[in-house]
Number of protein chains: 2
Amino acid sequence: MLGTMTDEHPTTAATTSSSLDPDTAGNDDKGRHGNASQRIADGLRASILSGELPAGSRIRQEEIAARYGASRIPVRGALRILESDGLVRLVANSGAWVARFTRAECEEFYQIRERIEPLLLRMSLPCLTAENLDRMDELAEQMARADRVEHFLRLDREFHALSYDGARTVVLQEIVQRMWNMTHHYRSMFTQVFLEQGSQIVHDEHRMLVRALREGDAEQAELVLCGHIRRTRLQLARHPEMFDAWPSASG
Amino acid sequence: MLGTMTDEHPTTAATTSSSLDPDTAGNDDKGRHGNASQRIADGLRASILSGELPAGSRIRQEEIAARYGASRIPVRGALRILESDGLVRLVANSGAWVARFTRAECEEFYQIRERIEPLLLRMSLPCLTAENLDRMDELAEQMARADRVEHFLRLDREFHALSYDGARTVVLQEIVQRMWNMTHHYRSMFTQVFLEQGSQIVHDEHRMLVRALREGDAEQAELVLCGHIRRTRLQLARHPEMFDAWPSASG
DNA sequence: GTACGCCCGATAGGATCCAATCACAACCGC
DNA sequence: GCGGTTGTGATTGGATCCTATCGGGCGTAC
């Protein structure tokens with residue numbers, strides 16, 4: 001026979017790498033089983049999120065290919081992956097740029113997050129374990145004492161990722177992850193501001209969230225999370241200077 | 001100079017093709033200016049949505065390349081595009097399959113839609129024109145008289161796409177479009193059922209939606225739309241036979 | 001002096017060829 | 001007879017080469 005090998009759907013996906021945690025985002029060992037595109041995409045994603053590749057800067061295929069010791073073919077694949085991640089903008093026959101978002105787009109992302117993250121939280125709630133919640137308490141505690149931006153961001157991302165850990169969804173988690181990646185730089189700048197101000201409300205919200213989850217109160221958890229994101233969006237809107245002070249795109 | 005050509009971000013995107021309408025979905029003329037990947041992706045998308053390529057069937061690169069008179073390189077690009085559209089599932093070193101969704105995943109999609117489409121509608125409302133609304137009335141009228149599934153689906157998609165036409169968003173519209181594509185077959189089967197039953201509630205909802213939009217009542221419009229999607233989800237959950245009677249994947 | 005058109009370099013996209021990987025199957029040892 | 005192993009074919013992934021396209025710079029005409 002010729003065409004009757006494995007024409008049915010694959011048993012499980014298992015190839016989409018990258019968790020909500022930016023460090024392990026795409027560094028799953030299984031992700032690289034012979035897939036250079038994925039490896040390059042993961043590396044580029046890390047470079048973009050770390051700020052090494054600033055928003056608006058151009059990405060040249062040959063340069064990336066040389067850096068990763070590959071040809072331009074897997075680089076193109078990587079760029080497509082990052083485009084679907086929302087981190088790179090491709091223009092046919094022209095080139096690739098690190099995505100840069102306007103203030104309006106950023107507000108759009110936050111409004112999307114306000115709607116879908118509470119849903120994801122609701123879906124996650126029934127399967128959250130006591131270990132999840134204990135760890136979230138720890139993280140909330142550590143965040144309250146954090147003074148460096150990168151440290152806070154790492155804890156914050158792990159905190160929220162944990163809160164979504166019980167969800168059995170696929171697409172929703174991917175969307176949420178994309179939103180987190182796309183808003184990464186804004187959260188970074190915003191964190192800078194509120195760490196300087198020593199605002200406490202973020203930690204109050206985190207504690208309220210864990211409490212609602214512990215009590216199994218999905219409605220309350222949704223409200224707290226929605227408010228958490230909404231407050232951030234409104235705060236962000238009050239700091240338009242963040243959108244002017246973009247890290248400039250060097251060649 | 002060497003590196004100082006156009007290293008800034010491109011002025012506008014303008015390359016993401018495909019509207020909410022499945023016919024023009026990706027057939028924008030500008031999409032093909034030397035971009036075979038896009039052209040092939042658009043063709044494949046149409047084949048998948050039309051049912052010509054059934055869910056779960058395998059996609060062979062060489063076969064597609066031959067059909068479109070190209071090499072396998074742009075086919076790979078097309079497959080990546082469709083993967084980010086959620087219509088194709090890629091497994092490294094194994095192959096590509098037309099995405100097939102479980103009942104749980106389908107419910108997930110509808111729940112996502114319940115949350116984000118009302119938001120998109122709210123964002124669209126302020127910029128909707130009288131022409132938009134008049135055309136929506138027409139479409140609602142035609143839908144009430146439609147008796148063929150494809151005809152209804154086409155009108156329905158145009159109706160809702162029009163309701164989102166005022167939105168200045170980018171990402172949100174892409175997400176919504178993806179959800180519509182991924183649920184396309186389910187809507188097809190569901191439409192079959194309710195057309196046979198002669199149910200009127202869908203048309204009532206459509207009229208209520210237009211009325212709320214005319215009155216500029218965003219809150220009411222959101223509620224109606226949420227209920228519209230929610231009711232469909234619950235109806236779908238009551239027809240588990242749809243998930244058994246999948247079109248089989250022929251090689 | 002300015003505006004238009006042509007030319008050319010650089011970069012992205014595509015074709016062809018080659019290597020790696022996987023699935024199936026037949027074979028051999030126990 | 002059965003399980004593990006290895007071989008083979010098909011298919012995907014990657015490298016190299018070639019072509020198309022885009023943008024800037026120069027020259028010329030008005």
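In what follows, chains carry the letters A, B, and so on, assigned in the order in which the sequence lines appear, proteins first and then strands, with residues in each chain numbered from 1.
Taking atom CD1 of B:Ile40 as the reference point, atom C1' of C:dG13 lies 12 Å away to the nearest angstrom. If you take CG of B:Leu90 and C1' of D:dT11, they are 14 Å apart, rounded to a whole angstrom. Atom-to-atom, CZ of B:Arg80 to C1' of D:dT12 comes out at 11 Å; the value is rounded to the nearest Å. For the pair A:Glu62 CD and C:dG13 P, the interatomic distance rounds to 13 Å; values are reported in whole Å. One interatomic measurement links the two molecules: CZ of B:Arg58 to C1' of D:dA10, which rounds to 9 Å at whole-angstrom precision. If you measure from atom CD of B:Glu63 to atom C1' of D:dA10, you get 14 Å, rounded to the nearest angstrom. Atoms CG (A:Asn35) and P (C:dT21) sit 11 Å apart, rounded to a whole Å. What separates OH of B:Tyr68 from P of C:dG13 is a distance of 20 Å, to the nearest Å.
Side-chain proximity of B:Asn93 to the nucleotides C:dG13, D:dG14, C:dC22 is greatest for C:dC22.
Both tests do not hold together for B:Arg89 against B:Trp97: distance to the six-membered ring centre under 6.0 Å, angle to the ring axis within 45°. Cation-pi contact between A:Arg187 and A:Phe190: absent, since separation from the ring centre below 6.0 Å together with deviation from the ring axis within 45° is not met.
Residues meeting the side-chain hydrogen bond (donor to acceptor under 3.5 Å, both in side chains) test with A:Ser84, sequence neighbours left out: none. Residues meeting the side-chain hydrogen bond (donor to acceptor under 3.5 Å, both in side chains) test with A:Gln111, sequence neighbours left out: none.
Residue B:Gln61 places at least one side-chain N or O under 4.0 Å from the OP1 or OP2 atom of D:dG13. For the OP1/OP2 pair of C:dT21 and a distance below 4.0 Å, the side-chain nitrogens and oxygens of B:Ser94 include no atom meeting the criterion.
In this structure, A:Trp180 and A:His160 have tilted ring planes: the angle between them lies in the 30° to 60° band.
The nearest pair of heavy atoms linking B:Val98 to B:Ile59 is CG2-CD1, 3.8 Å.
B:Ala70 comes within 4.0 angstrom of the backbone, heavy atoms only, and of no base. When heavy atoms are screened at a 4.0 angstrom cut-off, A:Ile59 is found touching the sugar-phosphate backbone but no base atom.
Across A:Met123, A:Gln177, A:Glu117, a single residue satisfies side chain to side chain contact (heavy atoms under 4.5 Å, CB included) together with A:Tyr164, and that is A:Glu117.
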With the criterion being N/O to N/O and under 3.5 Å, what pairs connect the protein with nucleotides 16-19 of chain D, and how long is each?
none

